[in-house]
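See structure below.
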Protein chains: 2
Amino acid sequence: MTTISVVLVDDHTVVRSGLKALLGTQGDIAVVGEAASGEEALEAAQRHAPDVVLMDLAMGTGMDGIEAIKRLRQSTPKQAIIVFTTYDSDADIVRAVDAGAMGYLLKDAAPEEIFAAVRGAVQGKSVMSAPVASRLFQQLRNPDEILTPREAELLSLLTQGLSNRDLGKRLFISEATVKTHLAHIYAKLGVETRAAAIATAIRREGMR
Amino acid sequence: MTTISVVLVDDHTVVRSGLKALLGTQGDIAVVGEAASGEEALEAAQRHAPDVVLMDLAMGTGMDGIEAIKRLRQSTPKQAIIVFTTYDSDADIVRAVDAGAMGYLLKDAAPEEIFAAVRGAVQGKSVMSAPVASRLFQQLRNPDEILTPREAELLSLLTQGLSNRDLGKRLFISEATVKTHLAHIYAKLGVETRAAAIATAIRREGMR
DNA sequence: AGCTGTATCAGCCAAAAGGTGGAGAGACCA
DNA sequence: TGGTCTCTCCACCTTTTGGCTGATACAGCT
């Protein structure tokens, strides 16, 4: 059994430290490098040539996690990338997988789940937290929940706090049409009010 | 010099582990207990009687951090509570300080900052991360825009998409009172509708 | 040619939200 | 003690939003 080398990418010192401590308890996993930003991540991945990169999506400044994943796939395509983040935003999941992530863990994952993900990743298995998997599953099963371009446009304006009247003016459509679109959006998002739709959109769909 | 005993409260195993590893490097600080929820926090604080409680505000389920702070102040008033959380939301800061928190750190704080906060807390000093301090400072300059603790609480629930009726039920107040609070919140945030208030709160205040 | 999905609009009604003005109770402080 | 702040509540009224049903038009696909 060979040792699995890992590079950690997270702008929070505490989280890196915690991962290091947890992974350190496992004989077959060794943390060989750390990075606090997307830029550093590229550098560290080059230098340490790890088997696995564990990466947060939200980096305070500079390059974000998604961008870092894309570049890592180009510069060091053999490394398995596992996303390790706080929120299970639909948009982030899709984007991360699209960018080439092998796994998607949430920060409240149990240590065993993290170990399993790291071990699985080097074997080409993709591991994700249960809530993440269920979201992906739901999206595949329910194409009904995908917003049409027009609906997405409207939702985007909605999250800026516009009234139905304003939405109509902005999009050059009648208030009646705005209401129709809204009803569809609510149904697709699984909410009943505009307030909940805004909250859902900004948080879950990564709109801001 | 006596050793400072600390209890950690965070629903993320990784974060607890990280704090433990970091604090463990300091000879005068010892982690004596951990908790993954508000309920566990009360229990751990009773049992271990620590000098300091380091606590996240966002706990997955059950009691939230603010509520836990309030109860801790009642059950074990001598312990200093330091909030250790991800976002610097105005509303959360106000509510946490109001509930009796001694310090307010962000998770991207440097280890030295954390050590200093723990040491300061036992001496009755309140320590907060620079971004947090600047927010408070800004609020002091514009007293008209400061949300009262109750308003902050309401706004926090508002960003979850609740209706006036639901807000009333949740806070044990009438719908009339909810409307009064909302009117004040709108005025302070400089918006006219609940939709705009939510958008402003989530984006500008970093709430989620 | 028919089906499906998208985008547009209407009218009606009920529910929710917002605006205005007023008011009492308790805390805190000068 | 008087002033200020906060939290609570009420009534009345207007505006906005949401639920429902139904309709037309166009594009793409089979």
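Quick caveat, the model's predicted, so the values are computed rather than measured. A note on names: the letters A, B, ... follow the listed sequences, proteins ahead of strands, and every chain is numbered from 1.
- No hydrogens or angles considered: nothing links the side chains of Gln79(B) and Arg73(B) as a donor-acceptor pair under 3.5 Å.
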Evaluation steps, side chain to side chain contact (heavy atoms under 4.5 Å, CB included), between Ile4(A) and Val52(A): CA-CA 8 Å; Ile4(A) 303 170; Val52(A) 176; 4.1 Å; yes
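- Residue Ser129(B) comes nearest to Leu105(B) through the heavy atom pair OG-CA, 3.4 Å, listed as atom of the first residue, atom of the second, then distance.
- The terminal axes of the helix from dA1(C)-dT30(D) to dA30(C)-dT1(D), fitted over 5 pairs per end, subtend an angle of 40° to the nearest 10°.
- There is no side-chain donor-acceptor pair under 3.5 Å between Ser156(A) and Glu153(A).
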Where protein sits on nucleotides 8-29 of chain C, one letter per nucleotide: B base, S sugar-phosphate only, - none, heavy atoms under 4.0 Å: BBB-----SBB-----------
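- Gly27(B) and Thr3(B) get closest at one heavy-atom pair: O-OG1, 4.4 Å.
- Side chain to side chain, Thr177(A) and Ser174(A) meet the donor-acceptor criterion of an N or O pair below 3.5 Å.
- With sequence neighbours left out, the side chain to side chain donor-acceptor pair (under 3.5 Å) criterion links Ser163(B) to Asp166(B).
- Extent of DNA chain D lying under 4.0 Å from chain B heavy atoms, first and last nucleotide in 5' to 3' order, is dT6(D) to dC10(D).
- The two residues Leu106(B) and Phe84(B) come nearest to each other via the heavy atoms O-CE1, 3.7 Å.
- Every residue two or more places apart in sequence or in another chain that forms a salt bridge (Lys or Arg N to Asp or Glu O under 4.0 Å) with Arg16(A) is listed here: Glu34(A).
- Residues forming a salt bridge (Lys or Arg N to Asp or Glu O under 4.0 Å) with Glu192(B) (at least two apart in sequence, or on another chain): none.
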